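Remember, it's a predicted structure, so these values are computed and weren't measured experimentally. Naming convention: chains lettered A, B, ... in sequence-line order (proteins, then strands); numbering from 1 in each chain.
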Protein chains: 2
Amino acid sequence: MNKYTKQTRILTAVDCIIFGFDGTELKLLLIKRAFEPQKGNWSLMGGFVQATENFDEAAKRVLKQLTGLDGVYLEQLYAFGAIDRDPLERTISIAYFALIDIHKYQTQISEEYHAEWMPVKQVPALIFDHPQMIKMAKAKLQYKAALHPILFELLPDKFTLPQLQSLYEGVYDTEFDKRNFSRKVLSTGLLIKQKEKEKASSKKGAFFYKLNKRSYKANFQAFLNIIPNAHKLK
Amino acid sequence: MNKYTKQTRILTAVDCIIFGFDGTELKLLLIKRAFEPQKGNWSLMGGFVQATENFDEAAKRVLKQLTGLDGVYLEQLYAFGAIDRDPLERTISIAYFALIDIHKYQTQISEEYHAEWMPVKQVPALIFDHPQMIKMAKAKLQYKAALHPILFELLPDKFTLPQLQSLYEGVYDTEFDKRNFSRKVLSTGLLIKQKEKEKASSKKGAFFYKLNKRSYKANFQAFLNIIPNAHKLK
DNA sequence: CCAAAAGTGTTGCATTTACACCCATGA
DNA sequence: TCATGGGTGTAAATGCAACACTTTTGG
């Protein structure tokens, strides 16, 4: 057998769009690029795909390198292949988006990257085609969260209905009726009410819920209908 | 500036999952691979990404090479990057799926590839990870067609409601009530009734419809609800 | 004239929305 | 005691699924 001798070989990277939710706002974890070109400018966390790893492994590695976290929700978003997207040498990028519980994130680990959580509504200027990647990731998150219970990945193990609602409201940049919201969410059977309340953010306190993981896995692919008028989404 | 001297560069290909509909069955256009490894075995149409083109351009080129067609619906599916997916040398593949009007397809052009339309329900053994690509493409087609009017891409300019219904039934491998189906489809405002009838497949004849292209483009991203119980889809 | 496919309407049920008041508690 | 946020129920409208008969015409 011959090798494919005459073909072009291309640098291949992964980039991670990392979402977090701090209880109020949807955020993205961005870093300051550590090497040329564009050293010091804001960027998504990324890295070259090594000869020994596939894309998922590369993305997991890159994510762990920045956050210290394993077992995070990670999904391939899109392959970006513009010829000149990296001015130094052609580099294609397989973009992944990650949803992490922001509370599990340990600042120290990523100090060397000068990482910061930025509100998705106010992302700074970014290198290369990273703004396009973020735009696509936001669109996909909205699209997917309208149908699947994906947003639970952004919450801690225990969370309250008001917290969950404010997450949905953040993702869709709108407000929902809390009576309808709680009825819909509870009717999915995905939530288990706890006995304890979260007392920090109100006097009465709101009951904690946990995700029913069995049901979550079983129903992940089933279409939900939590977002009012989802069929009218752009 | 330095180049990224120490990094691995990888062969990069595109592969096209090409769907067509012959009026009865959903089909895939497959070829017999023309070179080693696996020469002579069934395969998706593919090709290496050239230094001068991005992924979309490469996919368009590959598709045109096989079918002679331009302006076809083409969408990136997924990037496949397993280390050993090509046994000869690591080659990543950006898979695209295409929806073409099978009537526009000219057999002659692709004779050198020994291309054949195969029913999606009876695809032969295929090389590499192509079975996985096809599986994913079928799933995405079902997923997307439940929400967006994508299946019109598989039909000729003029088509009848019974034809359209049988296409949907083929994609979902099920049957729909024709009264509900026609009401739903017509209520989208996407169809323009023609004066002529298609007389070949019935005595009474069925009216032709054309797609309202303006409305199609405007509404493409809006969620539709043509499939009964779409929210219960697996 | 009859077989075969096209075309069309209604009703009941389920889902979804809109909407307002009481509850618990810390300060 | 009162201000703040949590929690709950109902009624009206809409959307959806189920269902059967008439029309056309080529053979």
Requested in this report: Rounded off to whole Å, could you give me the CD-to-C1' distance for the Gln165(A) and dG6(D) pair?
Outcome: 11 Å
Query raised in the report: Expressed in angstrom and rounded to an integer, what is the separation of Phe207(B) atom CZ from dT24(D) atom C1'?
Result: 11 Å
Query raised in the report: Can you check whether Lys203(A) has a side-chain N or O nearer than 4.0 Å to OP1 or OP2 of dC23(C)?
Result: no
**Report entry** Nearest-Å distance for atom pair OH/P, residues Tyr209(A) and dG6(D)
**Finding:** 12 Å
**Report entry** Donor-acceptor pair present, Lys204(B) side chain and dT25(D) base, under 3.5 Å
**Finding:** no
Query raised in the report: Can you check the Glu175(B) CD to dC19(D) C1' distance for me, whole Å?
Result: 16 Å
Query raised in the report: With a non-hydrogen cut-off below 4.0 angstrom, is Ser201(B) in contact with a base, only sugar-phosphate, or nothing?
Result: sugar-phosphate
**Report entry** Rounded distance (Å) that lies between atom P of dA18(C) and atom NZ of Lys184(A)
**Finding:** 10 Å
Requested in this report: Flag the pair Lys60(B) and Asp70(B) as a salt bridge only when some basic side-chain nitrogen lies within less than 4.0 angstrom of an acidic carboxylate oxygen.
Outcome: no
Report task. Could you state the atom-to-atom distance from CG of Leu161(B) to P of dG7(C) in whole Å? Result -> 6 Å
Query - Nearest-nucleotide 5' precedence on DNA chain D, Thr160(A) against Asn180(B) - result: Thr160(A)
Query - Test applied, ring-ring contact (aromatic ring centres under 6.0 Å, His included); reference residue, Phe159(B); option that passes from Phe208(B), Phe152(B), Phe21(B) - result: Phe152(B)
Report task. Using heavy atoms to find the nearest nucleotide of DNA chain C for Pro162(B) and Ser202(A) separately, return the residue whose nucleotide is more 5′. Result -> Pro162(B)
Query - Under 3.5 Å: donor-acceptor pair, side chain of Glu57(B), backbone of Asn54(B) - result: yes
Query raised in the report: What about Arg183(A), does its side chain sit under 3.5 Å from the base of dG9(D) through a donor-acceptor pair?
Result: yes
Query raised in the report: Is there a donor N/O on one and an acceptor N/O on the other, under 3.5 Å, for the side chain of Lys178(A) and the base of dG7(D)?
Result: yes
Requested in this report: Could you check how far CG of Asp177(A) sits from P of dG7(D), rounded to whole Å?
Outcome: 14 Å
**Report entry** Atom-to-atom span, NZ of Lys197(B) to C1' of dT24(D) - whole angstrom
**Finding:** 7 Å
Query raised in the report: Looking at Glu198(B) and Lys158(B), does any basic side-chain N land under 4.0 Å from a carboxylate oxygen?
Result: no
Query raised in the report: Is any side-chain nitrogen or oxygen of Asn225(B) closer than 4.0 Å to OP1 or OP2 of dC16(D)?
Result: yes
Requested in this report: Record whether the side chain of Arg179(B) comes under 3.5 Å of the base of dA18(D) through a donor-acceptor pair of N or O atoms.
Outcome: no
Query raised in the report: Taking Asp22(A) for the side chain and Glu25(A) for the main chain, is one N or O donor matched with an acceptor at less than 3.5 Å?
Result: yes
Report task. Tell me which nucleotide among dG26(D), dT8(D), dG5(D) gets nearest to the side chain of Lys199(B). Result -> dG26(D)
